[in-house]
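For this chain, numbers begin at 1 and follow the sequence in order. For clarity, every value in this text was computed on a predicted model and none was experimentally measured.
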Amino acid sequence: MGSRASTLLRDEELEEIKKETGFSHSQITRLYSRFTSLDKGENGTLSREDFQRIPELAINPLGDRIINAFFPEGEDQVNFRGFMRTLAHFRPIEDNEKSKDVNGPEPLNSRSNKLHCKEHDDRCL
């Protein structure tokens with residue numbers, strides 16, 4: 001299953017997601033596999049209903065807020081790229097100065113982006 005997921009993601013797209021989100025190649029591949037298993041319509045997007053079928057979210061008191069974080073206002077579908085961008089906000093903050101690219105964009109999981117994510121992309125908890 002993991003090899004199928006990696007063949008459906010173009011190497012160029014995988015590298016872009018890796019650079020943008022900070023997830024590793026193997027994490028992206030695993031999450032893509034999970035994304036495709038949740039995509040019951042097999043159309044490359046997830047709906048709110050797809051998320052609501054996740055048992056852990058269904059019983060979580062914050063489940064609706066977590067699900068809403070994946071959908072910009074007025075949107076009812078999220079593609080894999082948007083899925084990964086939202087998950088990146090939940091990654092732990094890394095303070096390792098060596099891993100920071102001073103010329104690159106600020107990581108999605110930075111303290112600043114976590115504090116101001118509403119301002120950046122309307123997908124906050």
- Do T86 and V78 pass the side chain to side chain contact (heavy atoms under 4.5 Å, CB included) test, and can you show the C-alpha distance, the side-chain angles, and the key distance before you say yes or no? CA-CA 10 Å; T86 301; V78 63; 5.5 Å; no
* Hey, mind stepping through D76 and E49 against side chain to side chain contact (heavy atoms under 4.5 Å, CB included) and telling me if it holds? -> CA-CA 10 Å; D76 60 351; E49 292 76 28; over 6 Å; no
_Derivation and outcome, side chain to side chain contact (heavy atoms under 4.5 Å, CB included), residues F80 and I17_ = CA-CA 10 Å; F80 182 65; I17 292 169; 3.7 Å; yes
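In this structure, N43 and Q77 have side chains that are in contact, with non-hydrogen atoms separated by less than 4.5 Å. With a 4.5 Å cut-off on side-chain heavy atoms, I28 and K18 count as touching. At least one side-chain heavy atom of F70 sits under 4.5 Å from a side-chain heavy atom of L87.
With sequence neighbours excluded, no residue satisfies side-chain contact (heavy atoms from CB on, under 4.5 Å) with E42. For the side chain to side chain donor-acceptor pair (under 3.5 Å) test, residues two or more places apart in sequence or in another chain that qualify with D50 are S47, R53.
When all heavy atoms are compared, the tightest approach of G44 to D39 is N-OD2, 2.8 Å.
Here the CD-CD1 distance, from E56 to I66, works out to 11.0 Å after rounding to the nearest 0.5 Å. Expressed to the nearest 0.5 Å, how far OG1 of T36 lies from CG of L31 amounts to 10.5 Å. To the nearest 0.5 angstrom, M84 atom CE is 7.5 Å from Q27 atom CD. Taken from CD1 in I54 to CG in N60, the straight-line distance is 11.0 Å, to the nearest 0.5 Å. Remark: K19 NZ to E15 CD distance equals 9.5 Å, nearest 0.5 Å.
With respect to the salt-bridge test (charged N to carboxylate O, under 4.0 angstrom), the residues E13 and R81 do not qualify.
No donor-acceptor distance shorter than 3.5 angstrom exists from the side chain of D64 to the backbone of N68, with no hydrogens or angles considered. Between the side chain of N79 and the backbone N or O of T45, no donor-acceptor pair lies under 3.5 Å.
A centroid separation of 6.0 Å or more is found between the aromatic rings of F71 and F83.
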